[in-house]
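We count ligands from 1, going down the list as the structure has it; atoms in each ligand are counted the same way.
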Amino acid sequence: MMKFAWDNYKRYAFGKNELRPLTKNGHIGNMFGGLRGATIVDALDTLYIMELGEEFREAKSWVEKSFDLNVNGEASLFEVNIRYVGGLLTTYYLTGEEVFKNKALELGEKLLPAFNTPTGIPRGVINLGSGMSWSWGWASAGSSILAEFGTLHLEFLHLTELSGNPVFTEKVMNIRKVLNRIEKPQGLYPNFLSPVTGNWVQHHVSVGGLGDSFYEYLIKSWLMSDKRDTDAKKMYNDALEAIEKHLVKKSAGGLTYIAEWRGGILDHKMGHLACFSGGMIALGAEQAAEEKKQHYLDLAAEITHTCHESYARSDTKLGPEAFRFDSGTEAMATRLSERYYILRPEVVESYMYMWRLTHDPKYRQWGWEVVKALEKYCRVEAGFSGIRDVYTTTPNHDNMQQSFFLAETLKYLYLLFCDDDVLSLEDWVFNTEAHPLPVNHTNFKAKASMQ
Ligand code: DMJ
C-alpha cells in the first residue's frame with residue numbers, strides 16, 4: 001500500500017504537496033506557506049522504516065536538490081512543525097545524514113518570529129519569508145489554538161539539542177509557564193487563548209480537534225525526557241483527571257466516549273481526531289499511581305472499543321469524521337457534513353498502542369479490517385483517496401491522498417504487525433504526525449542511528 005501510494009505520488013505529483021489521485025495531478029494547498037514536497041518529507045521515515053530503499057533515495061535526493069526553504073506565503077506554524085520539522089528530525093535520527101538535520105534547523109529558525117507576542121504564545125500563521133505572523137481569521141478574537149501552540153514541545157527540544165541553541169527550548173518552556181499560571185475552568189484547558197493578554201478567549205474544551213495533541217505532548221514530553229520532566233507529567237495527570245470528571249461519559253448502550261464542553265454544556269459528539277486518546281491514555285497509564293494503572297488501561301480500551309464501533313457501524317467499515325451519542329444515536333454520524341473519512345490515522349494509532357501495551361489480538365484483527373476497507377473503498381487507479389460518506393458502499397471520492405496517510409496511517413498499520421522492538425516504545429516517542437523521536441536516555445545523539 002505504501003509503495004502504491006508513493007509510486008502514484010511520484011508519478012503524478014512529485015514535488016507538489018499532495019497527490020490528487022482522481023485527476024492525477026498535484027495539490028499545493030495553503031497550509032505550508034510556499035513549502036513544497038509535504039508528502040515527500042512526511043513519508044521519508046515511513047519509507048525508511050519499511051525498507052523501501054529505492055523510494056527513500058528518491059525522496060532524499062529531492063530534499064537535497066529541490067527542497068527550497070526560501071519561500072513566502074502563509075504557513076501554519078503547527079503543520080510545518082509536525083510534518084516538516086518532525087519528519088526531518090526523525091529522518092536525521094534514523095539515518096544520521098546531516099542534510100536532514102540542517103534542513104530541520106534552518107526551518108526551525110524560520111518559525112521563531114511567530115513567538116514575538118506580548119506573552120510569547122505564538123500566533124498560528126507565519127510568513128516564512130518576512131517573519132510576519134498573525135492569528136487564523138476563524139479563531140475568535142485573534143486567539144491562538146491550544147492544540148497548535150501546545151504541539152511544539154517535542155520537536156523544539158530536539159532543535160535545541162541538535163543546534164546547541166537554547167532558544168527553541170526557552171520558547172516552549174515559556175508556553176508551559178503561561179499555561180501553568182492561568183486559571184483553568186474546572187481544571188479544563190479551553191481551546192482558544194489570546195497571545196496578547198494570555199487569557200482564555202472562549203470556553204470550548206475538546207480532546208478532539210483544537211485541543212487534542214496538547215494533551216498528547218504533555219505525556220510524551222515526560223516520556224521523551226526519560227521520565228524526568230515531572231511538571232509535564234503533573235499537567236497531564238491533572239488535565240486527564242478533569243477530562244474524566246467532566247467529559248468522559250457512557251452511552252445508554254454502554255459505549256464510553258469523550259464529549260466536548262462549551263462553557264459547561266456538553267456536546268455529546270466525539271470527533272475522529274479524539275480517537276487518538278485511547279493510545280495516549282494507555283501510554284500514560286504506566287506512570288499513574290499503582291491503584292489507577294489498571295483503571296486507565298481499561299478506560300483506554302473502552303475508548304478504543306468505541307472508536308472501533310464507529311467503524312464497525314458504517315457500511316464501508318471506515319469511521320466518520322465525527323460521531324454522536326444523542327437522540328438514540330450511538331457512535332454514528334448524524335449530520336451529512338460529518339460522514340466523510342479522509343484517510344485519518346487516529347483509530348489505527350490507538351490500535352497500535354493498545355496492541356503493543358496489551359497484546360490482545362483483537363487490535364490486529366481490527367487493524368486488518370481497516371486495511372481491507374482501505375483497499376476496497378479508498379484505493380483508486382492512481383493512489384488512495386478519502387471518501388465523502390462512510391455509510392455508502394458506492395463511495396464518492398474526495399480526490400485527496402493526504403500526506404498523513406503515508407506518514408501516519410500506513411506507518412501505524414505497519415507497526416501494528418511488526419515485532420515490538422521495531423521502534424520500541426521504550427526508546428522512541430512518536431510526534432503527533434507519527435514521526436518517532438528518540439527518548440533522551442543519556443543524550444539524544446546516542447540514538448543518531450537505528451542500525
Ligand atoms: C495529523 O496531521 C496529525 O495527527 C494531527 O495531530 C491531527 N490531524 C492529522 C491527521 O488526522
Side-chain angles (χ1 to χ4, degrees), residues 5 17-18 27 29-33 35 37-46 75-90 124 136 145-156 189 191 206-221 258 260 270-281 283 307 310-311 318-323 338 340-353 370 374 378 384-387 390 398 400-413 415 429-437:
N17 283 330
E18 284 159 319
H27 175 254
N30 52 9
M31 285 190 313
F32 307 119
L35 293 175
T39 294
I40 299 174
V41 179
D42 237 2
L44 275 165
D45 58 357
T46 312
S76 156
L77 170 68
F78 164 79
E79 297 289 355
V80 169
N81 178 57
I82 66 168
R83 301 194 201 205
Y84 284 91
V85 177
L88 292 164
L89 285 171
T90 294
W136 292 107
I145 311 296
L146 182 69
E148 296 198 331
F149 63 77
T151 309
L152 303 165
H153 202 99
L154 304 181
E155 297 80 0
F156 274 48
Y189 287 83
N191 293 333
S206 157
V207 177
L210 305 177
D212 49 8
S213 40
F214 159 67
Y215 306 99
E216 175 185 353
Y217 271 36
L218 289 178
I219 192 62
K220 288 184 174 175
S221 294
I258 310 186
E260 297 193 4
M270 190 161 168
H272 193 289
L273 289 166
C275 284
F276 85 98
S277 61
M280 175 185 75
I281 293 169
L283 193 61
C307 291
S310 78
Y311 277 48
L318 294 166
E321 179 66 4
F323 45 93
E338 294 172 345
Y340 63 90
Y341 172 69
I342 56 168
L343 307 173
R344 284 197 193 279
E346 291 77 17
V347 175
V348 293
E349 174 179 349
S350 283
Y351 294 168
M352 193 282 291
Y353 283 108
V370 177
L374 287 167
C378 298
F384 286 92
S385 168
I387 55 177
V390 296
D398 70 2
M400 273 295 288
Q401 179 176 280
Q402 305 279 348
S403 77
F404 54 66
F405 181 65
L406 293 88
E408 297 193 72
T409 313
L410 293 178
K411 188 188 284 133
Y412 285 132
L413 282 170
L415 292 175
V429 167
F430 290 82
N431 91 338
T432 196
E433 189 77 0
H435 298 305
L437 296 168

In terms of residue, atom name and distance, what is the protein heavy atom nearest to [atom]?
{"atom": "atom 2 (O) of ligand 1", "answer": "Glu433 OE1, 2.5 Å"}
{"atom": "atom 9 (C) of ligand 1", "answer": "Phe404 CD2, 3.8 Å"}
{"atom": "atom 6 (O) of ligand 1", "answer": "Thr432 OG1, 2.7 Å"}

Between [atom1] on residue [X] and [atom2] on residue [Y], distance to nearest 0.5 Å:
{"X": "Leu89", "Y": "Leu437", "atom1": "CG", "atom2": "CG", "value": "6.0 Å"}
{"X": "Ser385", "Y": "Leu343", "atom1": "OG", "atom2": "CG", "value": "6.5 Å"}
{"X": "Ile145", "Y": "Asn191", "atom1": "CD1", "atom2": "CG", "value": "7.5 Å"}
{"X": "Leu77", "Y": "Leu152", "atom1": "CG", "atom2": "CG", "value": "5.0 Å"}

Per-residue contact class, [X] against ligand 1 - non-hydrogen pairs under 4.0 Å:
{"X": "His272", "answer": "neither"}
{"X": "Pro345", "answer": "side chain"}
{"X": "Ile342", "answer": "neither"}
{"X": "Ile82", "answer": "side chain"}
{"X": "Gln402", "answer": "neither"}

Does any N/O atom on [X] come nearer than 3.5 Å to any N/O atom on ligand 1?
{"X": "Glu346", "result": "yes"}
{"X": "Asp212", "result": "no"}
{"X": "Glu408", "result": "yes"}

Taking every non-hydrogen atom, the tightest pair across Asp42 and His435: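 The pair with the smallest heavy-atom distance is OD1-NE2, 2.7 Å.
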Cys275 to Ser350 - nearest heavy-atom pair and separation: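 Between these two residues, the closest heavy atoms are O-OG, 2.6 Å.
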Contact check, Glu349 vs ligand 1, heavy-atom distance below 4.0 Å: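 False for this residue.
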CA sep, side-chain torsions, deciding dist, call: Tyr340, His272, ring-ring contact (aromatic ring centres under 6.0 Å, His included): CA-CA 10 Å; Tyr340 63 90; His272 193 289; 9.6 Å; no
Under 4.0 Å to a heavy atom of Leu273 - the qualifying atoms of ligand 1, by number: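 In order of numbering, the contacting atoms are 7 (C), 8 (N), 11 (O).
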Contacting atoms of ligand 1, where contact means under 4.0 angstrom from a heavy atom of Arg83: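 So the atoms of ligand 1 that pass are 2 (O).
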Pair Phe276-Val207, side chain to side chain contact (heavy atoms under 4.5 Å, CB included): steps then yes or no: CA-CA 9 Å; Phe276 85 98; Val207 177; 4.1 Å; yes
Side-chain donor-acceptor contact under 3.5 Å, Glu433 with Tyr84: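 No, Tyr84 and Glu433 have no side-chain donor paired with an acceptor closer than 3.5 Å.
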